[in-house]
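Heads up: the structure comes next, in C-alpha coordinates.
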Amino acid sequence: MTTGNQLILVRHGASEWSSLGCYQGHLPVPLSPLGLEQVCALTEELHQYNPERIVSSDLQRARQTAEIIARHFMLEVHLDMRLRELDCGNWAGLTEQEIEALEPKAVVELRAGRDLPRGGGETMADVIMRIHAA
(Lines give C-alpha, C1' and ligand atoms only; values in the text may rest on other atoms or scores of the structure.)
Protein backbone atom coordinates (compact mmCIF):
# COMPACT_ATOMS: atom_id res chain seq x y z
CA MET A 1 0.00 0.00 0.00
CA THR A 2 1.23 3.48 -0.70
CA THR A 3 0.29 6.81 0.75
CA GLY A 4 2.10 9.75 -0.74
CA ASN A 5 5.70 8.67 -0.71
CA GLN A 6 5.22 5.99 1.93
CA LEU A 7 5.20 2.27 1.33
CA ILE A 8 3.46 0.25 4.02
CA LEU A 9 4.17 -3.48 3.98
CA VAL A 10 1.53 -5.73 5.51
CA ARG A 11 1.85 -9.44 6.10
CA HIS A 12 -1.30 -11.51 5.81
CA GLY A 13 -3.15 -12.53 8.95
CA ALA A 14 -2.70 -15.94 10.55
CA SER A 15 -3.74 -18.76 8.26
CA GLU A 16 -5.41 -22.08 8.90
CA TRP A 17 -1.92 -23.66 8.87
CA SER A 18 -0.08 -21.10 11.02
CA SER A 19 -0.95 -22.81 14.31
CA LEU A 20 0.03 -26.19 12.84
CA GLY A 21 3.49 -24.94 11.86
CA CYS A 22 3.08 -26.09 8.26
CA TYR A 23 5.00 -24.55 5.38
CA GLN A 24 2.48 -22.90 3.10
CA GLY A 25 4.42 -21.90 0.02
CA HIS A 26 2.12 -21.25 -2.91
CA LEU A 27 -0.75 -23.44 -1.68
CA PRO A 28 -4.18 -21.78 -1.31
CA VAL A 29 -4.47 -21.63 2.47
CA PRO A 30 -7.20 -19.33 3.85
CA LEU A 31 -7.03 -17.03 6.83
CA SER A 32 -8.07 -18.53 10.15
CA PRO A 33 -10.65 -16.85 12.41
CA LEU A 34 -7.68 -15.36 14.31
CA GLY A 35 -6.24 -14.07 11.02
CA LEU A 36 -9.55 -12.39 10.18
CA GLU A 37 -9.53 -10.69 13.59
CA GLN A 38 -5.93 -9.56 13.06
CA VAL A 39 -6.80 -8.00 9.70
CA CYS A 40 -9.79 -6.16 11.13
CA ALA A 41 -7.61 -4.74 13.92
CA LEU A 42 -4.93 -3.75 11.40
CA THR A 43 -7.51 -2.00 9.23
CA GLU A 44 -8.31 0.31 12.13
CA GLU A 45 -4.61 1.11 12.57
CA LEU A 46 -4.24 1.94 8.87
CA HIS A 47 -6.64 4.90 9.13
CA GLN A 48 -3.75 7.14 10.14
CA TYR A 49 -2.07 6.45 6.77
CA ASN A 50 -5.12 6.82 4.51
CA PRO A 51 -3.95 4.28 1.90
CA GLU A 52 -4.43 5.20 -1.74
CA ARG A 53 -3.47 1.94 -3.45
CA ILE A 54 -3.34 -1.71 -2.40
CA VAL A 55 -1.14 -4.24 -4.14
CA SER A 56 -1.16 -7.86 -3.02
CA SER A 57 0.14 -11.29 -3.79
CA ASP A 58 -2.49 -13.39 -5.52
CA LEU A 59 -2.21 -16.14 -2.89
CA GLN A 60 -5.49 -16.71 -1.07
CA ARG A 61 -4.40 -15.59 2.42
CA ALA A 62 -2.73 -12.41 1.14
CA ARG A 63 -5.60 -11.64 -1.21
CA GLN A 64 -8.14 -12.10 1.62
CA THR A 65 -6.14 -9.72 3.80
CA ALA A 66 -5.91 -7.11 1.04
CA GLU A 67 -9.59 -7.40 0.13
CA ILE A 68 -10.73 -6.78 3.70
CA ILE A 69 -8.54 -3.69 3.93
CA ALA A 70 -9.54 -2.51 0.45
CA ARG A 71 -13.28 -2.78 1.22
CA HIS A 72 -12.78 -0.66 4.31
CA PHE A 73 -11.07 2.10 2.31
CA MET A 74 -13.21 1.59 -0.82
CA LEU A 75 -10.15 0.72 -2.90
CA GLU A 76 -9.40 -1.85 -5.57
CA VAL A 77 -6.85 -4.62 -4.94
CA HIS A 78 -4.12 -4.91 -7.57
CA LEU A 79 -2.81 -8.50 -7.63
CA ASP A 80 0.80 -9.26 -8.48
CA MET A 81 1.94 -12.88 -8.37
CA ARG A 82 5.57 -11.73 -8.07
CA LEU A 83 4.76 -10.81 -4.46
CA ARG A 84 4.10 -14.42 -3.50
CA GLU A 85 6.02 -15.91 -0.64
CA LEU A 86 8.77 -18.45 -1.24
CA ASP A 87 7.79 -21.46 -3.32
CA CYS A 88 8.78 -24.32 -1.03
CA GLY A 89 7.96 -26.99 -3.60
CA ASN A 90 7.10 -30.38 -2.14
CA TRP A 91 7.67 -29.06 1.40
CA ALA A 92 4.34 -27.22 1.24
CA GLY A 93 1.92 -28.65 3.77
CA LEU A 94 4.70 -30.18 5.88
CA THR A 95 6.00 -29.19 9.31
CA GLU A 96 9.68 -28.53 9.93
CA GLN A 97 9.94 -31.90 11.69
CA GLU A 98 8.45 -33.67 8.66
CA ILE A 99 10.82 -31.86 6.32
CA GLU A 100 13.78 -32.75 8.52
CA ALA A 101 12.79 -36.44 8.39
CA LEU A 102 12.27 -36.28 4.61
CA GLU A 103 15.41 -34.29 3.69
CA PRO A 104 17.75 -34.06 6.71
CA LYS A 105 20.79 -33.13 4.61
CA ALA A 106 19.02 -30.15 3.02
CA VAL A 107 17.86 -28.89 6.42
CA VAL A 108 21.42 -29.08 7.80
CA GLU A 109 22.73 -27.16 4.78
CA LEU A 110 20.02 -24.49 5.09
CA ARG A 111 20.76 -24.03 8.78
CA ALA A 112 24.43 -23.64 7.89
CA GLY A 113 23.52 -20.72 5.64
CA ARG A 114 23.48 -22.36 2.19
CA ASP A 115 20.75 -20.99 -0.07
CA LEU A 116 19.10 -24.10 -1.51
CA PRO A 117 15.84 -24.47 -3.40
CA ARG A 118 13.37 -25.41 -0.68
CA GLY A 119 11.66 -28.70 -1.54
CA GLY A 120 12.62 -28.28 -5.19
CA GLY A 121 11.07 -24.79 -5.22
CA GLU A 122 12.89 -21.48 -4.90
CA THR A 123 16.02 -20.22 -3.21
CA MET A 124 15.91 -17.00 -1.18
CA ALA A 125 17.92 -15.36 -3.98
CA ASP A 126 15.12 -16.33 -6.40
CA VAL A 127 12.52 -14.74 -4.12
CA ILE A 128 14.54 -11.56 -3.69
CA MET A 129 14.94 -11.16 -7.46
CA ARG A 130 11.24 -11.79 -8.07
CA ILE A 131 10.07 -9.38 -5.40
CA HIS A 132 12.59 -6.74 -6.41
CA ALA A 133 11.19 -6.89 -9.95
CA ALA A 134 7.70 -6.28 -8.55
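Every heavy atom of this structure was used, including side-chain atoms; hydrogens, water molecules and symmetry mates were not. All residue numbers refer to positions in the sequence shown, counting from 1. Model, not experiment: these values are computed from the prediction.
Rounding to the nearest 0.5 angstrom, the gap separating the NE2 atom in His12 from the CD1 atom in Ile68 is 12.5 Å. Here CD of Gln64 is found 10.0 Å from CZ of Arg61. Values are rounded to the nearest 0.5 Å. For the atom pair Leu94 CG and Leu20 CG, the distance stands at 12.0 Å (nearest 0.5 Å). The distance from atom CD of Glu122 to atom SG of Cys88, rounded to the nearest 0.5 Å, is 9.5 Å. Expressed to the nearest 0.5 Å, how far CG of Leu102 lies from CD of Glu100 amounts to 11.0 Å. Between atom CG of residue Asp126 and atom CG of residue Asp115 there is a gap of 7.5 Å, rounded to the nearest 0.5 Å.
Of all the heavy atoms in Ile54 and Ala66, the pair that sits closest is CG2-CB, 3.8 Å. Residues Thr65 and Gly13 share a closest heavy-atom pair of OG1-N, 3.3 Å. When every heavy atom of Ala134 is checked against every heavy atom of Asp80, the shortest pair comes out as CB-OD2, 3.8 Å. Taking each heavy atom of Pro117 and Thr123 in turn, the nearest pair found is N-CG2, 3.4 Å. Here the closest heavy-atom approach between residue Arg63 and residue Asp58 is recorded as NH1-O, 3.1 Å. Of all the heavy atoms in Cys22 and Gly93, the pair that sits closest is SG-O, 3.7 Å.
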Pairs of donor and acceptor atoms involving the side chains of residues 24-40, under 3.5 Å and at least two apart or interchain, shall be tabulated with distances.
unit_1 : atom_1 : unit_2 : atom_2 : d
Gln24  : OE1    : Ser15  : OG     : 2.4
His26  : ND1    : Arg84  : NH1    : 3.3
His26  : NE2    : Glu85  : O      : 2.8
Ser32  : OG     : Ala14  : O      : 3.3
Ser32  : OG     : Leu34  : N      : 3.4
Ser32  : OG     : Gly35  : N      : 3.1
Gln38  : OE1    : Ala14  : N      : 2.7

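Linking ILVMFWY residues whenever their side-chain heavy atoms come closer than 4.5 Å, directly or via other members, leaves Leu116 and Val108 in distinct clusters. Tyr49 and Leu75 fall within the same hydrophobic cluster, defined by Ile, Leu, Val, Met, Phe, Trp and Tyr side-chain heavy atoms under 4.5 Å apart, directly or through other members. Under the 4.5 Å side-chain heavy-atom criterion for Ile, Leu, Val, Met, Phe, Trp and Tyr, Met124 and Trp91 are members of distinct hydrophobic clusters.
No side-chain heavy atom of Thr43 sits less than 4.5 Å from a side-chain heavy atom of Arg71. At least one side-chain heavy atom of Asn90 sits under 4.5 Å from a side-chain heavy atom of Glu103. In this structure, Ile8 and Pro51 have side chains that are not in contact, with every pair of non-hydrogen atoms separated by 4.5 Å or more.
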Candidate pair Glu52 and Phe73, rule side-chain contact (heavy atoms from CB on, under 4.5 Å), full reasoning: CA-CA 8 Å; Glu52 298 170 2; Phe73 291 100; over 6 Å; no
Stepwise side-chain contact (heavy atoms from CB on, under 4.5 Å) check, His72 with Glu44: CA-CA 9 Å; His72 191 78; Glu44 293 303 317; 3.7 Å; yes
Leu110/Arg118 under side-chain contact (heavy atoms from CB on, under 4.5 Å): CA gap, chis, key distance, verdict: CA-CA 9 Å; Leu110 284 168; Arg118 276 73 168 167; 3.4 Å; yes
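Few gaps surround NE2 on His47; more than 12 heavy atoms of other groups in view lie less than 6.0 Å from it.
Side chain of Ser56 to backbone of Ala62: a donor-acceptor contact under 3.5 angstrom is found.
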